[in-house]
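To start, the structure under review is shown below, and the notes come after it.
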Amino acid sequence: MTVGETTPILQEKLKMMNKALSANEATVTLTEANLDHDHLYITQARHLLPPDVYGGDRKSDPSSRLLTITFEPGQTVQTDVPNGRNFFRERSAVADFFQRTGAAPGDEVRIVRTGPYKLRISPVSCT
């Protein structure tokens, strides 16, 4: 075997590790709309969210459980997802994160589940 060559067993282990990582994280590409409206589309990360973090349409009708989201760099906040929406209700922390990272359309952010109701959001690439 040469350097960089993998055995079938090692290849299978790598596949299993990648599946485990993707089960606990997602990468999201930012759009102009995200930056204009201070939100982060979570379509690619819905598998990370428990079903009871979806609340009503209004802030006065929150979900039964809240997510704790740590933005790196930035704030740690508690929020839910409005019913029928595809982003977190708390948007001021998202705006702060965009400002701190200098985010632009096309940049990527990583969302990682760090616990049952905990997420960490950090830049993968920001210009």
Side-chain angles (χ1 to χ4, degrees):
M1 184 171 11
T2 62
V3 175
E5 191 177 352
T6 59
T7 65
I9 293 172
L10 182 56
Q11 288 175 350
E12 191 59 35
K13 285 183 180 181
L14 288 171
K15 283 182 190 176
M16 288 171 47
M17 288 172 57
N18 284 336
K19 283 183 183 179
L21 281 175
S22 64
N24 288 307
E25 69 178 55
T27 302
V28 176
T29 302
L30 300 179
T31 67
E32 186 70 43
N34 295 141
L35 300 168
D36 289 345
H37 301 287
D38 299 327
H39 59 57
L40 184 63
Y41 292 130
I42 57 172
T43 305
Q44 303 297 345
R46 290 182 86 79
H47 67 284
L48 304 175
L49 307 179
D52 55 353
V53 300
Y54 294 89
D57 296 336
R58 298 188 176 109
K59 281 186 179 182
S60 61
D61 189 19
S63 64
S64 60
R65 293 284 305 260
L66 296 176
L67 291 166
T68 299
I69 302 175
T70 300
F71 291 90
E72 294 179 349
Q75 307 168 29
T76 297
V77 297
Q78 289 195 311
T79 190
D80 64 348
V81 177
N83 186 36
R85 300 295 182 155
N86 205 25
F87 50 80
F88 303 115
R89 191 182 306 271
E90 167 57 53
R91 297 194 304 182
S92 63
V94 176
D96 178 65
F97 173 74
F98 289 164
Q99 181 182 14
R100 289 174 187 252
T101 60
D107 288 347
E108 294 181 324
V109 298
R110 181 171 292 121
I111 303 174
V112 178
R113 180 176 41 213
T114 59
Y117 290 86
K118 295 182 178 184
L119 300 175
R120 181 181 67 241
I121 298 177
S122 59
V124 173
S125 65
C126 286
T127 55

With the side chain counted from C-beta on, respond yes when Leu40 and Phe97 share a heavy-atom pair under 4.5 Å apart, and no when they do not. no
Report, one line per pair, each donor and acceptor closer than 3.5 Å where one atom sits in a side chain of residues 69-78; sequence neighbours left out.
unit_1: Thr70; atom_1: OG1; unit_2: Thr76; atom_2: OG1; d: 3.2
unit_1: Gln78; atom_1: NE2; unit_2: Thr68; atom_2: OG1; d: 3.3

Is the shortest side-chain heavy-atom distance between Asn34 and Tyr41 below 4.5 Å? yes
To the nearest 0.5 Å, what is the distance between CG on Leu30 and CD on Glu108? 8.5 Å
Please find the pair of heavy atoms, one from His47 and one from Glu25, that lie closest to each other, and give the distance. NE2-O, 3.5 Å
Please say yes or no: joined through hydrophobic side-chain contacts below 4.5 Å, possibly via intermediate residues, are Leu48 and Ile42 part of one cluster? yes
Please, which pairs that meet salt bridge (Lys or Arg N to Asp or Glu O under 4.0 Å) have at least one residue in residues 41-70, sequence neighbours excluded? none
How are the rings of His37 and His39 set relative to one another: parallel (under 30°), tilted (30 to 60°) or perpendicular (over 60°)? parallel
Should Val81 and Val112 be regarded as members of a common hydrophobic cluster, given that ILVMFWY residues are connected when their side-chain heavy atoms come within less than 4.5 Å of each other, either directly or indirectly? no
Is Leu119 reachable from Val53 through a run of hydrophobic residues whose side-chain heavy atoms are each under 4.5 Å from the next? yes
From Phe87 atom CZ to Asp38 atom CG, the distance as rounded to the nearest 0.5 Å: 11.0 Å
For the residue pair Tyr54 and Leu49, what are the closest heavy atoms and their distance? OH-CD1, 3.5 Å
Please identify which of these residues, Ile121, Ile111, Thr43, Val124, meets the side-chain contact (heavy atoms from CB on, under 4.5 Å) condition with Val28. Ile111
Which residue pairs satisfy the salt bridge (Lys or Arg N to Asp or Glu O under 4.0 Å) criterion with at least one member in residues 74-91, sequence neighbours excluded? Asp80-Arg89
Is there a side-chain contact between Asp107 and Pro123 (heavy atoms, below 4.5 Å)? no
